[in-house]
Amino acid sequence: MDKVVIKCGYGSGKYRIISNCFLCGEDLNVSVVGGSKGHIGACAIAFLLGKNIEANLTVIDRHKEGALAEDTAKKLTSLFSCVATVSVGIHIDNAEKEEIELLVRNFEQCIKILIKKLRKII
């Protein structure tokens, strides 16, 4: 497939999460941003090594998105047997625990939508 981009979103206002997925041959490159200030806080790459899924993670100082990036990259690799990179950057100033939980739920829903769309074309 040539230069296919899949865009997804979930939530509203400062709690909206947006993903852009670029198909790179058989591999996936996903960027997920949200909150009041999107950025890149963490980036993971997952790949098959034999029958095992391996992952490398880079997290920018004090950012908390590492688990979201790594778990999502591994999930995509598992589902689609590909190399998957996932960058995540979600930010709300002085976020309360409930706001963080809502952002994480919206992130999870956004990824579910992405996976549904990928299943239709891969």
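Basis for what follows: all heavy atoms, side chains included, without hydrogens, waters or symmetry-related copies.
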Return the [atom1] to [atom2] distance between [X] and [Y], rounded to the nearest 0.5 Å.
X: Leu114; Y: Ile18; atom1: CG; atom2: CD1; answer: 13.5 Å
X: Ser81; Y: Glu26; atom1: OG; atom2: CD; answer: 10.0 Å
X: Ile100; Y: Ile90; atom1: CD1; atom2: CD1; answer: 10.5 Å
X: Lys14; Y: Asp93; atom1: NZ; atom2: CG; answer: 8.5 Å
X: Leu103; Y: Cys110; atom1: CG; atom2: SG; answer: 12.0 Å
X: Phe22; Y: Ser31; atom1: CZ; atom2: OG; answer: 7.5 Å

Handout entry: Shared hydrophobic cluster, Ile17 / Ile113 (ILVMFWY, side-chain heavy atoms < 4.5 Å)
Key = no

Exercise for the section: Answer with yes or no whether the hydrophobic clustering places Val59 together with Ile45; edges join I, L, V, M, F, W, Y residues whose side-chain heavy atoms lie under 4.5 Å apart. Expected result: no

Problem - Leu48 side chain near Ile53 side chain, heavy-atom distance below 4.5 Å - result: yes

Problem - Heavy-atom check, side chain of Val32 versus side chain of Thr72, under 4.5 Å - result: no

For a quick test of reading the model, state the closest non-hydrogen atom pair linking [X] to [Y] and the distance between them.
X: Glu65; Y: Gly89; result: OE2-CA, 3.7 Å
X: Ala84; Y: Leu76; result: CB-CB, 3.9 Å
X: Val83; Y: Asp27; result: N-OD1, 3.0 Å
X: Leu57; Y: Ala69; result: CD1-CB, 4.4 Å

Exercise for the section: Using modelled atom types only, decide if a donor and an acceptor are shared between the side chain of Thr77 and the backbone of Cys82 within a distance under 3.5 Å. Expected result: yes

Handout entry: Side-chain donor/acceptor of Asn106 to backbone N/O of Tyr15, under 3.5 Å
Key = yes

Practice task
Under the side-chain contact (heavy atoms from CB on, under 4.5 Å) rule, what do Leu118 and Leu28 come out as? Steps first, then yes or no, please.
Solution key: CA-CA 10 Å; Leu118 285 168; Leu28 303 172; 3.9 Å; yes

Exercise for the section: Look at the rings of His91 and His39 and say which category their plane angle falls in: under 30° parallel, 30 to 60° tilted, over 60° perpendicular. Expected result: perpendicular

Practice task
With salt bridge (Lys or Arg N to Asp or Glu O under 4.0 Å) as the test, would you mind laying out the steps for Glu108 and Lys112 before giving the verdict?
Solution key: CA-CA 6 Å; Glu108 291 167 348; Lys112 283 182 184 179; over 6 Å; no

Problem - Full working for side-chain contact (heavy atoms from CB on, under 4.5 Å) between Leu23 and Ile6 - result: CA-CA 8 Å; Leu23 275 63; Ile6 300 169; 3.9 Å; yes

Handout entry: Under 3.5 Å side-chain donor-acceptor pair for Thr85 and Asn29
Key = yes

Exercise for the section: Answer yes or no: are there more than 12 heavy-atom neighbours, outside Tyr10 itself, under 6.0 Å from its atom OH? Expected result: no

Exercise for the section: Count the heavy atoms belonging to other residues, nucleotides or ligands that lie under 6.0 Å from CD1 of Ile40, then report whether that count exceeds 12. Expected result: no

Exercise for the section: Check the pair Ile111 / Val86 against side-chain contact (heavy atoms from CB on, under 4.5 Å), numbers first and verdict last. Expected result: CA-CA 11 Å; Ile111 297 303; Val86 178; 5.9 Å; no

Practice task
Tell me, with the steps shown, if Leu79 and Arg119 meet side-chain contact (heavy atoms from CB on, under 4.5 Å).
Solution key: CA-CA 9 Å; Leu79 290 171; Arg119 284 189 167 135; 3.3 Å; yes

